[in-house]
Every structure is written in structure tokens, then in C-alpha cells.
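The structure under discussion appears below in the form of C-alpha cells.
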Number of protein chains: 2
Amino acid sequence: MSWRKEQRRAERGYHHGNLKEALLQAALGLIAEKGAAGFTFADAARMAGVSAAAPYRHFRDRDELLSSIAQRGFEQFEARLTAAWDDGRPDTVTAFERVGRAYLAFAREEPAFYNAMFESGLPVDANPALQAASERAFNIMRAAAERLAALAPPGTPRPPAMMMALHIWSMAHGVASLFSRGDAARRKLPMSPDELLEAEVLIYLRGLGFPTDRRPPAKSAEPPPVPPEASSGSGVPPGGPWGKPK
Amino acid sequence: MSWRKEQRRAERGYHHGNLKEALLQAALGLIAEKGAAGFTFADAARMAGVSAAAPYRHFRDRDELLSSIAQRGFEQFEARLTAAWDDGRPDTVTAFERVGRAYLAFAREEPAFYNAMFESGLPVDANPALQAASERAFNIMRAAAERLAALAPPGTPRPPAMMMALHIWSMAHGVASLFSRGDAARRKLPMSPDELLEAEVLIYLRGLGFPTDRRPPAKSAEPPPVPPEASSGSGVPPGGPWGKPK
DNA sequence: GGCTCATGTAAAGATCGTTCACATGAGCTG
DNA sequence: CAGCTCATGTGAACGATCTTTACATGAGCC
């Protein structure tokens, strides 16, 4: 029992040297395994090889550790959304859908972060830095929606960009939360969460009057840098977005 | 300290008489206050005026109590969705939107149930009865989507009802989870969650080609029982669903 | 060498989930 | 009505966790 801790200590000396970072990593792993609710402060300490009291030198309490993780999550989230948006290249609609897929990919690939960010029950306004990070991430979607709204087909009222951003966010979060998580709420779906979200967004955009009649994953020759947007009318495209997406 | 418990006991005798129900109610209140994660078995027992061990006579463990609450929640949820759907009266689209509003209303008015059902992290397949209740509730939305899909305007491919139901569910859950809960994740919104969801669903339905150009709350003279559905083409209606909804 | 202060430890109190032996009394049986 | 039975509740106890407090260690600096 005890030799274990002694050995650990022998390996690294009395001072850990990088405990804060080690705790964050340990907590991340634990959350990924057992969810934000099941993660314990003591476990993180044990995993880092220090006593249960050591974490208190770096975090006021368990919630502050969680909040730190959520903040990091929002930062990575923002980075991924920014990359996916790629400033609207090659065309706004394509980039917009890529943002949606990036949202889902993040939820799937970083379940620990996503859990801490959206499902841990910690109040967003607990930490000002957390709130700021969250807002920065949302602003990516907001900016994308802004660009998209500016392209509204002539003759139709221009949809508020803020509303569009909130709609897309709610779709992505809904799909991620209900269908795209590890073990919970896994129902038998007729299609993958990605396909589900993609179809949902496409139908939504069509409802706003945007032309969305693109070929499947559009991996073929991309249209020239000058986007061919605001072109076709608002007629219903021949094929639906759901018709055997793969 | 002790006289308090003695008095409690004097009031109700050694046997509580209705402890199971009392525990469920107590837990419901605690979850509403502090979330499913913050609720403790011991607290529920204390609130019911019994010892910490008493609950084990009625629930195998804390998770089973939570699961019981979730199951009840799904049953009430199903009842409300059924009432809102009202078998598609007076017309399918109107009834469909009413279901969406009922979803949000449930999330808002029964945060404890909603929390236990969707945000407590308990596996859906933990309890067969729970899973069944959950599926019955979803089947309401599925049936509604089925009816709606059958009305797809001629000339357009008929959308899969299952997919529509999943889309609507994800929208409602996304809006409820992100914007419509008590203290968490409350951002400054340009419109109420209800309006947000209503607009979202309307745009989505329009994207599917359904005519959605109805007057505001449509409380005026309803069209005759024979719904005028599958009438207008898929042209974009003059007003958007977001234009000053109230 | 010696001081200081951030960092880590051990011990302790409080709460919680859970189990166990035991107490109580409601309802059936005769 | 006496007595038995069994569901229901109690109190004590165990181990785990969160958190605080007093103390130990040693890295960096004079």
C-alpha cells in the first residue's frame, strides 16, 4: 500500500513540479470516463500521485477545477469552430455546414470538455473568464450567421443573424446531447448524428430561402473562389438533403 | 436537535405510511432546487422526516429513486405531448407547433423532471420501464411527424417521418437545454425561448416545403375542420416567421 | 549558510451512500 | 382477543469524499 506512494514520491521528490497541469489532465480523463458528476477531487489527486489536500493549493474547490476545464474547453472549441469556418471559404453555405460538423466532432471527440462545458450544471456566470470564453466561441457562430444572413435571397426579409446563430447552436447541441454521446441516451437511429445534423441544417437553411442543392459531400472540384451564392431562386431543389446521404 | 425528530415521530407514529411517495416528492423538490447532481439521498430522507436508512426499504439505491422520477417524468411528458397534439386538430401544422411549445413548457414548468429525464446522466436502458416510458413519449412526436410527412407537397420527395421527429426533438431539447432552464446557461436572448423554438420549427417546416404562412397566434377564426393543407406551392411566404412574433 | 514562501502532507471533522442487527406495529390467523 | 409474521423504520457503523488546519519540505534568493 504505502510503498506505492513512497515510490511515487521517490520518482518526483516532495514537490510535484507541475501539479496544476497534472490535475487538469487527470480530471479530464476521469470526466471522459465517468462523466462530470462522477469525477471526484480525491481521484484526481490520487491519479497525480499526491495527497487529497494538495489540489487545494491550486484550485479553491472542486468547482473551480471543473470551471477551469470548461474554460479550456471553450477555448479549444473556439479554435476548432474558427478553423472550420475558415472565414467562409470556399462559399458561405459550405463553410457554415462545416461549422456544424465541427461542433458535432468536438462533442464526439472531446466528450470530457463538452460535458464540463454544457452538462456539468455549473453556472456559466460563475467565472468571468469562463463566461468570456463561452461568448467568444459563440461569436464565431454568430459571425458566420451574420455573413450568411447578408446573403439572403433578394425579395425575402433578411433573417436576424443572432436568431440564426441561436437556431444552429440549439440544433447542434440538441443532436450532440441526445444522440452523439458516449453511453447515455443512445437510441437506434436511422442515420448517424452527423448526417442527422447536416440534413437538419440544410432543411433549415432552405427554409430561409438559401440555395442548398449541392452534390453529396462536395469533395469534387470546388467552385472558384468567387462564390456562386445568391444565384438560383428559392425553388425546391430536385433532391432532398436526406436522400441516402451516404 | 433530537426533540425535533421526536415530534415528527409523534405526529405520524413509527410508520410513515406513505414514505415512498413522500420520498419521490422530496427528491423532486430537491432536484428542482439544486439539480440532479446536487440532490442527496440523505436529504430526501431528512425532508420526509425519517432516518437515512429508511429509503432503502423502497429503493435499491439512489439511482433507482432517480430512475423512478425520470419514469414518472416521461409519463407526464407523454400525457402533455398527447394533449398538445390533440390528434392533429385543427390542422396538422398548428398541432405540430403546439407540440413543440408543449415540449418547452414541460422543460420550463417541470425542471426537476426534465433534469432527471435528460440531464441526470443515468443510462436510459438502466430500467426497462424507464426505457419504455421514454419510447412512448417519443412515439407521440413520431406519430405527429408521420402525419405531417404524409402531407408533403406533391412534387417533392416525402421526408422520412423518423428523421423529422428526431429533428424536432433535437431542436426542442437544444433550446430547452441551452436557453430555457432555471439559472444555468441563461444568455441574453433577442427573443423568448418559445418564440425562438417556434421560429426554428417554422423555418424548418418551410424548408421541407410545408406552407407555414399563418397569421400570428392564429387565434382568429380557424379554417374549417377540413384542413386546407397541401395547398399553396413552395413559394416563399411574404412574411418571415421571425418578424416581430408578438 | 540561512530566510522565505510556495507547495505538499497528515490528521481531523462533516456529510453521504450503504449495510446490518434490531425495534415496531399493522394485519392476518386461529 | 392472543399471537405470529413481515413490511417498515431506527441506530450504529464502515468506507469514501470534501474541505480545513497545523505542520513539513525544499527551491530560490540574499
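Residue numbers begin at 1 in each chain, while the letters A, B, ... track the order of the sequences. Please read these numbers as outputs of a predicted model, since none were measured by experiment.
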Could you tell me which non-hydrogen atom of Val175(A) sits nearest to which non-hydrogen atom of Pro193(A), and how far apart they are? CG1-O, 3.8 Å
Rounded to whole Å, please give me the gap between CG in Asn18(A) and C1' in dG8(C). 15 Å
Enumerate the residues from residues 53-61 of chain A whose closest heavy atom to DNA chain D is under 4.0 Å, giving them by residue number; use none for an empty result. Ala53(A), Tyr56(A), Arg57(A), Asp61(A)
Rounded to the nearest Å, what distance is computed from the CG atom of residue Leu19(A) to the C1' atom of nucleotide dT25(D)? 15 Å
Shortest non-hydrogen contact between Arg62(B) and Ala37(B), atoms and distance: NH2-O, 3.9 Å
Taking only N/O atoms, report every protein-nucleotides 14-17 of chain D pair under 3.5 Å with atom names and distance.
unit_1, atom_1, unit_2, atom_2, d
dT17(D), OP2, Arg46(A), NH2, 3.1

Output yes when a side-chain donor or acceptor of Asp63(A) lies under 3.5 Å from a complementary backbone atom of Leu66(A), and no otherwise. no
State yes or no: are the ring centers of Phe113(A) and Phe74(A) separated by less than 6.0 Å? no
Check every atom of dT10(D), dG9(D), dT19(D) against the side chain of Ala52(A) and return the nucleotide holding the closest atom. dT19(D)
May I ask you to decide if the ring planes of Phe179(B) and Trp169(A) are parallel, tilted or perpendicular, using 30° and 60° as cut-offs? perpendicular
Phe39(B) has an atom CZ; how far is it from atom C1' of dG17(C), in whole Å? 11 Å
Measure the acute angle between the ring planes of His173(A) and His173(B), then classify it against the limits of 30° and 60° as parallel, tilted or perpendicular. parallel
Can you confirm if the NZ or CZ of Lys20(B) lies within 45° of the ring axis of Phe59(B) and under 6.0 Å from the centre of its six-membered ring? yes
Please work out whether the ring planes of Tyr103(B) and Phe118(B) are parallel, tilted or perpendicular, with thresholds of 30° and 60°. parallel
Output the rounded distance in Å from NZ (Lys20(A)) to P (dA6(C)). 14 Å
